[in-house]
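Notes to accompany the following structure.
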Amino acid sequence: GENVEQHPSTLSVQEGDSAVIKCTYSDSASNYFPWYKQELGKRPQLIIDIRSNVGEKKDQRIAVTLNKTAKHFSLHITETQPEDSAVYFCAAYGQNFVFGPGTRLSVLP
Amino acid sequence: SQTIHQWPATLVQPVGSPLSLECTVEGTSNPNLYWYRQAAGRGLQLLFYSVGIGQISSEVPQNLSASRPQDRQFILSSKKLLLSDSGFYLCAWGVYSGNTIYFGEGSWLTVV
C-alpha cells in the first residue's frame, strides 16, 4: 500500500522567512495530493492541493510543487506570519487517502 | 453548501464502556465517508471508510466498528473501550474517490 513520509517533523522560522515541508510517496498510481493545516485542538483544513497532471500550483503565499518522477511533493509558504503556526499534513491519494505524520511549524515573531 | 456535523465534541468514558460517535453530512448525496483517529500529537490514522449505505471498509483491526444506516450518516461504535482508544476522532466526507475530503469538528475521547 501507499506510504507517505514527511520532513521535517518540526520547523521553526522567523516571521517573514519562508518555510518548506517535503513529502514523499511510494505508490506511483497516486494522483491527488492535498495539504491540510491543523491548529491546536481543531480539525485539519485543506489549504492547497495538486493533481498529478500539474507540476506546480500557487495560492497567494502558499505553493505546492510535485515531482512525479521522484515521487515527492512540497509545500512552500512565503512571508510567514505567526498565524501560520500549526501542524501541516500532506496526503496522497491512490486507492485511498494516506497522510504523512505531520510537521509542526512555529513562526517566531 | 455542504456541512458536516459530528458529536459529541468531548466525552470521558470508563474502560469497558460502550462508545457511539455520530456524523452527518448535509448538502450532498452519496458522499464517501471516513473515520480517522488522531492520538495526541500524532498523525491521522484511517479507521473506516464507506462509499455507500451499508458498505464499510476497515483499515485497521481493532475493537471499533462503523455503520452507515443512512446515506449521509456514519456511526463509530465500540462495545468495550480500551485505554488505547483515547484520542481525537475525526469524521470526514468527500464527493467521490480521489477528490478532496473535508473534516468534521472532531470528538475528543478520553478513556479512563
Side-chain angles (χ1 to χ4, degrees), chain A residues 1-11 21 23-25 27-54 57 59 62 64 66 85-106, chain B residues 1-11 21 23 25 31-52 55-61 66 74 86-110:
Chain A
E2 176 67 276
N3 181 51
V4 177
E5 296 184 355
Q6 185 172 346
H7 299 280
S9 57
T10 60
L11 178 61
I21 302 171
C23 287
T24 61
Y25 61 99
D27 187 353
S28 57
S30 291
N31 56 15
Y32 175 61
F33 308 91
W35 285 88
Y36 290 83
K37 175 184 179 182
Q38 186 179 30
E39 297 179 351
L40 188 62
K42 298 188 176 181
R43 60 179 153 183
Q45 296 199 310
L46 179 75
I47 55 172
I48 197 167
D49 56 8
I50 192 167
R51 296 198 177 273
S52 57
N53 59 346
V54 176
K57 183 176 179 181
D59 182 3
I62 295 173
V64 57
L66 171 66
S85 296
V87 178
Y88 291 81
F89 292 98
C90 62
Y93 181 87
Q95 296 185 0
N96 218 325
F97 281 97
V98 177
F99 285 82
T103 296
R104 183 173 300 278
L105 173 64
S106 299
Chain B
S1 63
Q2 300 86 2
T3 56
I4 180 170
H5 302 283
Q6 184 179 342
W7 68 93
T10 60
L11 65 166
L21 301 178
C23 172
V25 180
N32 288 350
L33 296 172
Y34 306 81
W35 278 111
Y36 283 87
R37 176 169 62 197
Q38 187 175 32
R42 304 293 295 277
L44 296 158
Q45 179 189 32
L46 178 62
L47 302 176
F48 301 95
Y49 69 94
S50 171
V51 298
Q55 300 178 60
I56 309 294
S57 296
S58 174
E59 289 293 303
V60 182
F74 206 23
S86 295
F88 190 41
Y89 288 80
L90 290 154
C91 181
W93 74 275
V95 174
Y96 53 83
S97 299
N99 205 27
T100 307
I101 62 172
Y102 300 94
F103 290 91
E105 296 281 3
S107 298
W108 287 97
L109 169 65
T110 302

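Values reported hereafter were calculated over all heavy atoms of this structure, with side chains retained and with hydrogens, waters and symmetry mates removed. In this text, all values refer to a predicted model and were calculated from it rather than measured experimentally.
Of the listed residues (F89(A), F99(A), Y36(A)), just one forms a ring pair (Phe, Tyr, Trp, His ring centres under 6.0 Å) with Y36(B), and that residue is F99(A).
If you measure heavy-atom distances from D49(A) to chain B, the contacts under 4.5 Å come from the side chain alone. Of the two parts of P44(A), the backbone and the side chain both hold a non-hydrogen atom closer than 4.5 Å to a non-hydrogen atom of chain B. Only the side chain of Y32(A) comes within contact range of chain B, with at least one heavy atom under 4.5 Å from a heavy atom of that chain. For L44(B), the parts sitting under 4.5 Å from any heavy atom of chain A are the backbone and the side chain alike. If you measure heavy-atom distances from F103(B) to chain A, the contacts under 4.5 Å come from both the backbone and the side chain. At a 4.5 Å heavy-atom cutoff, Q45(B) makes no contact with chain A through either its backbone or its side chain. Neither the backbone nor the side chain of Q45(A) comes within less than 4.5 Å of any heavy atom of chain B. Contacts of N99(B) with chain A are made by both backbone and side-chain atoms, with heavy-atom separations under 4.5 Å.
Atom CG of N32(B) and atom CG of N96(A) lie 8.5 Å apart (nearest 0.5 Å). Distance check: R43(A) CZ to Y102(B) OH gives 11.5 Å after rounding to the nearest 0.5 Å.
Atom CD of Q95(A) sits in a sparse spot, with 12 or fewer heavy atoms from other residues, nucleotides or ligands closer than 6.0 Å. Other residues, nucleotides and ligands contribute over 12 non-hydrogen atoms within 6.0 Å of the CZ atom of R51(A).
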